[in-house]
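These notes concern the structure reproduced below.
If you read the sequence from its start, that first residue is 1, and numbering goes on from there.
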Amino acid sequence: MSDVDLAVGLLRATPTHENRSDGQLRTWAEIALAYGDELAEGDDSGDVQVVEREGGVSDGELVLAEHQRGSVVVYTDALRRVEKLARARGWPITREALRRAAVAHELAHHRLDVRELNRRLGHTAFRLGPLRLRGHVAGAEEITAHRFAHHRSGLAVSPLLITTALAGGN
């Protein structure tokens, strides 16, 4: 599957999008992926401190990393869980590449301009005559961050594929 197909699948699984057309979801996916490509081409200055901690797995939730007060916390238990999934699937993924992808994903969230992404997506949440309120497309930020992480990490498998597999969709 292509990243566009995987991104459409992730959007389709988002509760606010279950009745949207495949064409609409595909357009949003393409825009979010393109924004991730653009962000990844930008300046890479400004190293961030990376801290590793145990955890990241609880009650069916998996958190690989979080951006906290200027640093990124990478959760080693979650990293091991994803590494185990990758090995079971036969994907050529190293722990270090997963770690780089998790850090890059968090940096993307910190760097991306949500207003600009929403402008590009062009979703209207409310319209009253000539006035319109721009809407948020749930999931688009994640797709952008996944694409950014793929470019910046050198990960051999798309983070979108890993997310889909973790969700049980592939």
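With 3.5 Å as the limit, one finds a donor-acceptor pair spanning the side chains of His146 and Thr163. Side-chain contact annotation: Asn118 with His123, donor-acceptor N/O pair under 3.5 Å absent. His105 and Glu142 share a side-chain donor-acceptor pair at under 3.5 Å. Glu52 and Tyr75 are not linked by any side-chain donor-acceptor pair at a separation below 3.5 angstrom, with hydrogens and angles left out of the test.
Counting heavy atoms from C-beta on, the side chains of His136 and Glu141 come closer than 4.5 Å. Annotation: side chain of Thr27 is not in contact with side chain of Leu121 (no heavy-atom distance under 4.5 Å). Side-chain contact check for Ile162 versus Ile93: some heavy-atom pair is nearer than 4.5 Å.
With salt bridges taken as basic N to acidic carboxylate O contacts below 4.0 Å, none links Asp113 and Arg119. Under 4.0 Å is where a charged nitrogen must lie from a carboxylate oxygen, and between Arg26 and Asp5 at least one such pair does. At a threshold of 4.0 Å, the pair Arg80-Glu83 does not count as salt-bridged, since none of the basic side-chain nitrogens sits closer than that to a carboxylate oxygen.
Evaluated for a side chain to side chain contact (heavy atoms under 4.5 Å, CB included) with Thr14, the options Arg12, Glu18, His17 yield exactly one hit, His17.
The nearest pair of heavy atoms linking His110 to His67 is ND1-CE1, 3.5 Å. For the residue pair Trp91 and Ala165, the shortest heavy atom distance occurs at CH2-CB, 3.7 Å.
Under the 4.5 Å side-chain contact rule for hydrophobic residues, Val4 and Val137 share a cluster.
Going from atom CG of Leu107 over to atom NE2 of His109 covers 10.5 Å, rounded to the nearest 0.5 Å.
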